[in-house]
Amino acid sequence: MNSRKREHIRYRLYEILEVRTGIDHTSRLYDFIYFVTIVVNLAASILHTYETYRAEYGDLLLAVENITVGLFCIDYILRLWTAKYMYPESTEPRAVRKYIFSFTGIIDMLSFLPYYLPVFFPAGAVAFRMLRVMRVFRLFRINAYYDSFKLITEVLNSKRQQLFSSVFTILILMLASSLCMYSLEHEAQPDVFTNAFSGIWWATSTLLTVGYGDIYPITTLGKIFGICIAFLGVGMVAIPTGIISAGFVDQYSRIKRMSEYGQEEDIHFIRIHLTARDPWVNKSIAQLHLPERVIVAVVQRRHRILVPRGNLVLHEDDVMVLGAESFQDKEHIRLKEIILQKNNPWNGQRIRDLDISRHSVIVLVKRKEKSMIPNGNLILREGDMVILYSEMRIAKAAEIEI
């Protein structure tokens, strides 16, 4: 297998592994299988904790876990192999490191690694079994499938500073409450409030309005202080809730403004067919450095429509559709369109040899279905459509207004 074919297979695997919303049926099928694998693995892990199911279906549950964890391992290896396309701006070793130490990479690794570690380190079997709980976090990958989950992530990210401040305030208040309650209740309940940190559990249940009732004050001052902390806890819990609620309102308001009050702009699109000589081939969209107001609307590869993300690498024979704002000006540009007939003196001549004004510029030459960018060596032929800008009058030329 030559290197070009191997790279093609690698990139195709990357396309399949990534979440797709287009017509790539293979990728969408893999996304569905991946999602079902996560759910089945978690269901088997939960059922295995019930003694009844473990006694009757123990072997089956272990077999299901073996298969699903094996699939997690294969998925991780394939993502390592295709990491260069996940981070196209980095070298391959650096792209692999970025994936390994990313949040998703760590979760992917911990979802299968603790399952196999007891084979090599039997003494740590109990600790490794506890690490298997990390596979629950693999459910975060569902975030890529639904915009509603993405909205939650955006809200938490935009309000992270305020949330951190509120949580930090609650932690300080819990510590202060624990110390105060210890000083008030230690003599009356030495077995309950034994040290400065023994009141942490009481402070947590009181401030968070849980109120388990297993630890409570019995002195008058302790009860009064407990009432104050309970009232204060209601306000403390409401702060993060209000921050998150305000974040959702902001996000939905922003979306509404974009959809209802956004100004409509006339966008024009052009179609570009990439050939082996084009410098854009084998580059990602992020590496093209397109002008700010030019967008890649869609990329067609054979019979598939690809979502033009920044890390999408362009291939030979890809068809790109670029969009840009339409030209708007009071002074319209007038072009002239000439179809070269049989007796036209331009037939058989190079563009550089044409007897035209210095103020005339040939913009485009269309030959049958092919559009050609004109250069000095291009020889014009009968039937060519020549589009040019000229201030002079040309016989039998149709006017085109832009």
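Since we're looking at a predicted model, the values are computed, not measured.
- Every side chain to side chain contact (heavy atoms under 4.5 Å, CB included) that Tyr50 has, sequence neighbours left out, goes to Ile46, Tyr53.
- Considering only residues two or more places apart in sequence or on other chains, Glu92 meets the salt bridge (Lys or Arg N to Asp or Glu O under 4.0 Å) condition with Arg10.
- Residues Ser177 and Trp202 have side chains in contact (heavy-atom distance under 4.5 Å, counting atoms from C-beta outward).
- Take Arg271 and apply the side chain to side chain donor-acceptor pair (under 3.5 Å) test, not counting sequence neighbours, and it matches no residue.
- Lys283 pairs by the salt bridge (Lys or Arg N to Asp or Glu O under 4.0 Å) definition with nothing, not counting sequence neighbours.
- Using a distance-only test at 3.5 Å, with no hydrogens or angles considered, no donor-acceptor pair links the side chain of Ser178 to the main chain of Met174.
- Formation of a donor-acceptor pair under 3.5 Å by the Asp317 side chain with backbone atoms of Arg301 is not found in this model.
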Q: Verify ring-ring contact (aromatic ring centres under 6.0 Å, His included) between Tyr11 and Tyr14, making sure each step is shown before the conclusion.
A: CA-CA 5 Å; Tyr11 185 75; Tyr14 163 74; 5.8 Å; yes
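- Ser111 and Asp108 are not linked by any side-chain donor-acceptor pair at a separation below 3.5 angstrom, with hydrogens and angles left out of the test.
- For the pair Asn344 (side chain) and Glu382 (backbone), a donor-acceptor distance under 3.5 Å is absent.
- Taking the six-membered ring where the residue is Trp, Tyr99 and Tyr76 present tilted rings, their angle falling between 30° and 60°.
- In this structure, Arg277 has no side chain to side chain donor-acceptor pair (under 3.5 Å) partners at least two apart in sequence or on a different chain.
- What you find for Thr82 and Leu13 is that their closest heavy atoms are CG2-CB, 4.1 Å.
- By the side chain to side chain contact (heavy atoms under 4.5 Å, CB included) test, Ile172 pairs with Phe168, sequence neighbours left out.
- In this structure the side chain of Val192 never reaches within 4.5 angstrom of the side chain of Ile218, judged on heavy atoms.
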Q: Take Tyr30 and Asp75 through the test side chain to side chain contact (heavy atoms under 4.5 Å, CB included) and record every step on the way to the result.
A: CA-CA 11 Å; Tyr30 181 83; Asp75 177 84; 2.4 Å; yes
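- Every ring-ring contact (aromatic ring centres under 6.0 Å, His included) that His186 has, sequence neighbours left out, goes to Tyr182.
- Legend: residues meeting salt bridge (Lys or Arg N to Asp or Glu O under 4.0 Å) with Arg350, ordered by chain and number and at least two apart, are absent.
- Residues Ser27 and Glu15 are not in side-chain contact: their nearest non-hydrogen atoms beyond the backbone lie 4.5 Å or more apart.
- Contacts of Arg97 classified as salt bridge (Lys or Arg N to Asp or Glu O under 4.0 Å), with partners at least two apart in sequence or in another chain: none.
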Q.
Run Tyr57 and Leu47 through side chain to side chain contact (heavy atoms under 4.5 Å, CB included) and show every step you take.
A. CA-CA 9 Å; Tyr57 304 106; Leu47 291 176; over 6 Å; no
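- Side-chain atoms of Thr68 come within 3.5 Å of backbone atoms of Glu65 as a donor-acceptor pair (strictly under, hydrogens ignored).
- Annotation: side chain of Cys180 is in contact with side chain of Phe225 (closest heavy-atom distance under 4.5 Å).
- The ring-ring contact (aromatic ring centres under 6.0 Å, His included) search around His8 returns none, not counting sequence neighbours.
- Using a cutoff of 4.0 Å between basic side-chain nitrogens and carboxylate oxygens, Glu337 and Lys366 are not scored as salt-bridged.
- Under the 4.5 Å side-chain criterion, counting only non-hydrogen atoms from C-beta, Asn41 is in contact with Phe72.
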Q | Check against side chain to side chain contact (heavy atoms under 4.5 Å, CB included), Met320 and Leu288 | A | CA-CA 12 Å; Met320 299 178 63; Leu288 301 184; 4.0 Å; yes
Q.
Show, in sequence, the C-alpha distance, side-chain angles and deciding distance for Thr219 and Gln189, and conclude whether the side chain to side chain contact (heavy atoms under 4.5 Å, CB included) test is met.
A. CA-CA 9 Å; Thr219 65; Gln189 303 183 78; over 6 Å; no
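- Shown here are the side chain to side chain donor-acceptor pair (under 3.5 Å) partners of Ser102, two or more places apart in sequence or in another chain: Thr104.
- Shown here are the side chain to side chain donor-acceptor pair (under 3.5 Å) partners of Asp384, two or more places apart in sequence or in another chain: Arg367.
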